[in-house]
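Notes follow the structure.
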Amino acid sequence: MEMKLLQRTQTIVRYKNSNNKVFYGMVEDGEILQLSSNFTEIVNNELNFDGTRVKLKDVKILEPVKPSKVINFGWTYAGHATETGGRPNLKEPFLFLKPASSLIPHEGEIILPSNHLTNQVEMEGEVALVIGKRGKNIKEEEALDYVFGCTIFNDVTARDLTKVDPQFTRGKGFDTFGPLGPWIVTGIDPTNLRIVTTLNGKVVQDGNTNQMSLSIPFLISWVSKVMTLEPGDVLATGSPSGSCPMKPGDVVSVEVEKIGNLCNYVI
């Protein structure tokens with residue numbers, strides 16, 4: 001049956017059930033209302049509940065979306081730009097892309113490359129936007145209308161490589177360097193969200209999107225003049241200060257208010 005929700009905020013999860021079948025669903029009180037809808041239908045608010053309810057703990061959470069591109073904005077927080085040798089308070093963002101092969105879900109494993117490739121892999125907790133409709137040359141005042149919802153991103157980075165390469169593809173693009181999830185939350189304001197990253201339970205990052213030197217509507221508008229945004233595209237909005245190295249055995253967690261917690265294991 002089709003559900004037209006009265007509430008504006010929804011939590012949409014993509015998952016694999018015990019039969020290894022992939023579905024989208026709506027999270028409510030530790031349960032998932034399983035949907036027969038695909039992503040296109042969901043962003044158009046066509047939420048078709050197929051009558052199945054499953055426990056969140058009984059499924060494998062997947063990346064919440066399969067984007068055509070993962071767009072990253074660097075140095076959008078002055079403190080992080082300074083600590084990584086970047087330029088704070090830019091008038092335009094530092095733009096780079098991550099390959100889809102970098103994406104892993106909540107509780108997935110971040111696999112550190114061998115030492116002859118990199119010796120300094122760090123985390124960067126971020127708020128990510130999921131685009132809901134196609135857009136080109138988007139006006140800044142209309143930019144948030146193109147956002148379907150928000151999720152969490154960990155922009156895992158080989159810092160020693162980004163410091164020497166003229167562009168960031170190698171240092172940002174290793175397999176598993178893009179934890180994303182655990183789900184998408186709609187109907188929340190991305191411009192005022194607290195981000196807290198912990199490493200083995202210790203807080204290493206504590207920031208808020210209201211500290212960004214470039215506004216989120218500006219970023220959406222700006223990048224849409226470069227490339228067409230498609231439904232499902234992920235825009236990672238940048239990291240606050242506090243990025244630090246990870247080693248095998250570490251557990252890194254990025255918590256964003258109103259969204260949840262993205263946890264991953266380093267091996």
Side-chain angles (χ1 to χ4, degrees), residues 61 63-64 70-86 88 93-94 96 98 102-112 118 120-130 149-163 168 171-172 174 176-185 188-214 216 219 234-267:
I61 295 177
E63 300 92 336
V70 182
I71 299 169
N72 296 74
F73 301 106
W75 301 337
T76 55
Y77 293 77
H80 180 65
T82 300
E83 74 181 358
T84 58
F94 186 93
F96 59 94
K98 284 213 178 199
S102 71
L103 297 180
I104 58 171
H106 172 63
E107 296 190 339
E109 295 177 335
I110 300 169
I111 302 172
L112 300 183
T118 175
Q120 187 182 2
V121 177
E122 301 186 357
M123 88 292 285
E124 296 184 12
E126 308 187 4
V127 171
L129 315 174
V130 179
C150 299
T151 187
I152 306 171
F153 191 68
N154 185 348
D155 178 20
V156 180
T157 302
R159 190 74 64 205
D160 49 351
L161 301 184
T162 59
K163 286 183 176 181
F168 280 8
K172 300 282 191 175
F174 285 97
T176 76
F177 272 28
L180 180 71
W183 40 59
I184 302 168
V185 179
I188 60 174
D189 179 5
T191 66
N192 184 22
L193 294 174
R194 186 182 180 193
I195 307 164
V196 177
T197 304
T198 61
L199 183 64
N200 303 322
K202 178 184 177 182
V203 174
V204 292
Q205 292 184 292
D206 190 346
N208 191 299
T209 54
N210 64 20
Q211 300 166 337
M212 294 171 62
S213 56
L214 296 167
I216 286 176
L219 295 176
V234 171
L235 277 62
T237 58
S239 171
S241 62
S243 177
C244 61
M246 301 179 294
K247 64 183 185 307
D250 283 348
V251 179
V252 59
S253 174
V254 185
E255 184 172 356
V256 177
E257 66 173 319
K258 300 181 182 178
I259 300 177
N261 180 57
L262 171 66
C263 181
N264 295 95
Y265 308 105
V266 184
I267 65 172

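Treat the numbers as computed from the prediction; the structure is a model and nothing was measured.
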Looking at every heavy atom in both I61 and P182, which two are closest together, and how far apart are they?
CG2-O, 3.3 Å
Residues which pass side-chain hydrogen bond (donor to acceptor under 3.5 Å, both in side chains) with H106, listed by chain and number, not counting sequence neighbours
none
For the CG atom of L219 and the OG1 atom of T237, what is their distance to the nearest 0.5 Å?
7.5 Å
Who passes side-chain hydrogen bond (donor to acceptor under 3.5 Å, both in side chains) against D155, sequence neighbours left out?
K98, K172
Distance, nearest 0.5 Å, that separates CD of E126 from OG1 of T197:
9.0 Å
Any non-hydrogen side-chain atom of E257 less than 4.5 Å from a side-chain atom of I188?
no
To the nearest 0.5 Å, what is the distance between OG1 (T76) and CD (Q211)?
10.5 Å
Here the side-chain hydrogen bond (donor to acceptor under 3.5 Å, both in side chains) pairs for residues 258-267, sequence neighbours left out, are S253-N261
Side chain to side chain contact (heavy atoms under 4.5 Å, CB included) partners of L161, counting only residues at least two apart
T118, A158, D165, R170, F174
Quick test of your reading: applying salt bridge (charged side-chain N to carboxylate O under 4.0 Å, His left out), list the pairs with at least one residue in residues 234-245, sequence neighbours left out, ordered by first then second residue.
none
Partner residues of E109 under the side-chain hydrogen bond (donor to acceptor under 3.5 Å, both in side chains) criterion, sequence neighbours left out:
none
Can a donor-acceptor pair be found, under 3.5 Å and without considering hydrogens, that links the side chain of T151 to the backbone of W183?
yes
Looking at residues at least two apart in the chain, or sitting in another chain, which of them share a side chain to side chain contact (heavy atoms under 4.5 Å, CB included) with D189?
T191
Could you name each residue pair satisfying side-chain hydrogen bond (donor to acceptor under 3.5 Å, both in side chains) that touches residues 238-250, not counting sequence neighbours?
E122-S243, R159-S243, N200-D250, Q205-S239, K247-D250
I'd like to know if the side chain of S213 and the backbone of A78 have a donor-acceptor N/O pair within less than 3.5 Å.
no
d(I152 CD1, I184 CD1) to nearest 0.5 Å is 12.0 Å
How long is the span from the CG atom in L180 to the CZ atom in F153, to the nearest 0.5 Å?
6.5 Å
Looking only at atom types and distance, does a side-chain atom of Q120 sit under 3.5 Å from a main-chain N or O of P245, one as donor and one as acceptor?
no
Judged by atom type as modelled, is there a donor-acceptor pair below 3.5 Å linking the side chain of T162 to the main-chain atoms of G171?
no
Before giving the answer on side-chain contact (heavy atoms from CB on, under 4.5 Å), spell out for C244 and L199 the whole-Å C-alpha distance, their side-chain angles and the decisive distance to 0.1 Å.
CA-CA 9 Å; C244 61; L199 183 64; 4.0 Å; yes
So which atom in I195 and which in Y77 form the shortest heavy-atom distance, rounded to 0.1 Å?
CD1-OH, 3.7 Å
Shortest non-hydrogen separation from V251 to C263 and the atoms involved
CG1-SG, 3.6 Å
In terms of heavy-atom contacts, E124 and T157 come closest through OE2-OG1, 3.4 Å
Report the C-alpha distance between M123 and V204 in whole Å, list the side-chain angles of each, state the deciding distance to 0.1 Å, and finish with yes or no for side-chain contact (heavy atoms from CB on, under 4.5 Å).
CA-CA 10 Å; M123 88 292 285; V204 292; 4.2 Å; yes
Could you note down all residue pairs passing salt bridge (charged side-chain N to carboxylate O under 4.0 Å, His left out) where residues 196-210 supplies at least one of them, sequence neighbours left out?
R194-D206
Who are the ring pair (Phe, Tyr, Trp, His ring centres under 6.0 Å) partners of F94, not counting sequence neighbours?
W75, F168
Whether T209 side chain and L193 backbone form a donor-acceptor pair below 3.5 Å:
yes
Starting at CG of L235, measure out to CD1 of I71 and round the result to the nearest 0.5 Å.
4.5 Å
Considering non-hydrogen atoms only, spot the tightest contact between F177 and V121 and give its length.
CZ-CG1, 3.8 Å
Derivation of the side-chain contact (heavy atoms from CB on, under 4.5 Å) call for V156 and T176
CA-CA 8 Å; V156 180; T176 76; over 6 Å; no
Run L129 and C150 through side-chain contact (heavy atoms from CB on, under 4.5 Å) and show every step you take.
CA-CA 5 Å; L129 315 174; C150 299; 4.1 Å; yes
